[in-house]
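A, B, ... follow the sequence lines: proteins, then strands. Residue 1 opens every chain.
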Number of protein chains: 2
Amino acid sequence: MKPRHMHLTNDCRAVSDVLQRVGDKWTVLVVSKLGGGPLRFNELRNTIGGISQKMLTTTLRGLERDGFVTRTVFPTIPPRVDYELTDLGRELLVPVQALGDWALKNIDRVDAARARFDAGRGP
Amino acid sequence: MKPRHMHLTNDCRAVSDVLQRVGDKWTVLVVSKLGGGPLRFNELRNTIGGISQKMLTTTLRGLERDGFVTRTVFPTIPPRVDYELTDLGRELLVPVQALGDWALKNIDRVDAARARFDAGRGP
DNA sequence: CCGCATCCAACAGGATACTG
DNA sequence: CAGTATCCTGTTGGATGCGG
């Protein structure tokens, strides 16, 4: 006998799940780089700049697990691994970019608010 | 002599700034509750459920600093504090809810991908 | 009622060194 | 080249107690 509000808590889980993935330090950057087409591990590493090997691996594993990117290994020597957005990943990019665009358009207002807030505190 | 790419790094800062705020544990929940109108501190605390006093305070301060909510103190005894979305806050809600809706619509696909991924690893 | 201060556990994330 | 393993740090967030 499932409570009728079950879907509510579940929905919250779903939403904050996605939001936290989007909010972590590198995911959005990686996904948007992959938006231009498939890239190899080190191509990603270089075009991003500042990301550690560990975090790139971790981020990509998470994205792969959630079905946002595919990982293709070419068994050559030296090895070569391509990462590419799935359909799901490209669809995610739409609302995420909308949010990004909003951020760009309104960052000045946010910065102004911060300056105002900090001014009323420090001195 | 500012480098011509300056705005690029700045843009990144702006975007990841907003994304991290949105991605933290409670911000979106708080903002969406406030979407229905102003609420007092403990009203928020109760309708959310599971948030600690400390985190609610921290979250609200951050939102206030960034200009997303206003904080109104009524100097009564006992004190009463109302929080309300600003115009900026309400505008933020638009792309954020779009992302939330996307999450709800696609959570099944994500869960399926996770199940597939985990199945191919454990045994 | 509102919120700050403190302590503490858990985790995110960076640097480095080592493998196939 | 593309990882895995290890260590170490800062930050996040929960619990509790005090104060206006």
Side-chain angles (χ1 to χ4, degrees), chain A residues 12-13 16-31 33-34 38-66 69-84 117-118 120-122, chain B residues 12-13 16-31 33-34 38-66 69-84 117-118 120-122:
Chain A
C12 280
R13 203 261 314 162
S16 74
D17 228 53
V18 171
L19 287 176
Q20 292 219 211
R21 177 157 295 289
V22 164
D24 81 15
K25 200 169 176 181
W26 300 108
T27 293
V28 168
L29 211 46
V30 169
V31 170
K33 294 292 181 188
L34 288 176
L39 289 172
R40 303 180 54 171
F41 188 86
N42 271 359
E43 287 175 338
L44 267 174
R45 186 154 165 49
N46 294 330
T47 60
I48 290 182
I51 190 172
S52 66
Q53 226 170 22
K54 177 190 176 181
M55 286 317 297
L56 183 51
T57 304
T58 306
T59 302
L60 287 168
R61 282 292 173 284
L63 288 171
E64 191 195 356
R65 186 171 111 94
D66 286 1
V69 308
T70 55
R71 178 172 179 271
T72 312
V73 181
F74 300 88
T76 57
I77 295 182
R80 167 194 175 131
V81 182
D82 276 18
Y83 292 91
E84 185 172 14
F117 185 89
D118 294 345
R121 299 230 136 195
Chain B
C12 280
R13 202 263 311 163
S16 75
D17 229 51
V18 171
L19 288 175
Q20 292 221 206
R21 178 158 294 289
V22 164
D24 81 13
K25 201 170 177 182
W26 300 107
T27 293
V28 168
L29 212 45
V30 169
V31 171
K33 295 291 181 191
L34 288 177
L39 289 172
R40 303 181 55 170
F41 187 85
N42 272 359
E43 288 175 338
L44 267 173
R45 186 155 165 48
N46 294 330
T47 60
I48 290 182
I51 189 172
S52 65
Q53 228 170 23
K54 176 188 177 183
M55 286 317 298
L56 183 52
T57 304
T58 307
T59 302
L60 287 169
R61 282 293 171 285
L63 288 171
E64 190 194 357
R65 186 171 111 94
D66 287 2
V69 309
T70 56
R71 178 171 180 272
T72 312
V73 182
F74 299 88
T76 57
I77 294 183
R80 166 195 175 132
V81 182
D82 276 18
Y83 292 92
E84 183 171 15
F117 185 88
D118 294 344
R121 300 228 134 195

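Of the residues in residues 75-84 of chain B, those with a non-hydrogen atom less than 4.0 angstrom from any atom of DNA chain D are B:Pro79.
Side-chain atoms of A:Thr57 lie closest to D:dT4 of the nucleotides C:dC2, D:dT4, D:dG14. Minimum atom distance to the side chain of A:Arg71 is reached by D:dG3, of the listed C:dC1, C:dG3, D:dG3. When the nucleotides C:dG13, D:dG14, C:dC2 are ranked by their closest atom to the side chain of B:Arg40, C:dC2 comes out on top. Closest to the B:Gln53 side chain, of the nucleotides C:dC1, D:dA2, C:dG3, is C:dG3.
In terms of heavy atoms, A:Tyr83 sits closest to A:Val69 at CD2-CG2, 4.4 Å. Minimum interatomic distance between B:Val28 and B:Val22 (heavy atoms only, all atoms of both residues): CG2-O, 3.3 Å.
At whole-Å resolution of the value, CZ in B:Arg21 and C1' in D:dT12 are 14 Å apart. Taking atom CG of residue B:Leu56 and atom P of nucleotide D:dG14, one finds them 11 Å apart after rounding to whole Å. Regarding A:Lys25, its NZ atom lies at a distance of 13 Å from the P atom of C:dA12, rounded to whole Å. The CZ atom of A:Phe74 sits 14 Å away from the C1' atom of D:dA2 (whole-angstrom rounding). Atoms CD1 (A:Ile48) and P (C:dG13) sit 13 Å apart, rounded to a whole Å. Rounded to a whole Å, the CD atom of A:Gln20 is 12 Å from the C1' atom of C:dA12. Whole-Å rounding puts the B:Glu64 CD to C:dC4 P distance at 10 Å. When the P atom of C:dT16 is taken as reference, atom CE of A:Met55 falls 17 Å away, rounded to whole Å.
For B:Thr47 (side chain) and B:Leu44 (main-chain N/O), a donor-acceptor pair under 3.5 Å exists by modelled atom type.
Here CZ of B:Arg21 is found 8.0 Å from CG of B:Asp17. Values are rounded to the nearest 0.5 Å. We find the CD1-CH2 distance between B:Ile51 and B:Trp26 to be 5.0 Å, quoted to the nearest 0.5 Å. The line from CD of B:Gln53 to CG of B:Asn42 is 7.0 Å long, rounded to the nearest 0.5 Å.
Ion pairing of A:Asp82 with A:Arg71 is absent here, as no side-chain N (NZ or NE/NH1/NH2) approaches a carboxylate O to less than 4.0 Å.
The phosphate of C:dC2 (OP1 or OP2) has no side-chain N or O of B:Arg45 nearer than 4.0 angstrom.
Residue side chain B:Lys54 reaches the base of D:dG14 through a donor-acceptor N/O pair under 3.5 Å, judged by distance alone.
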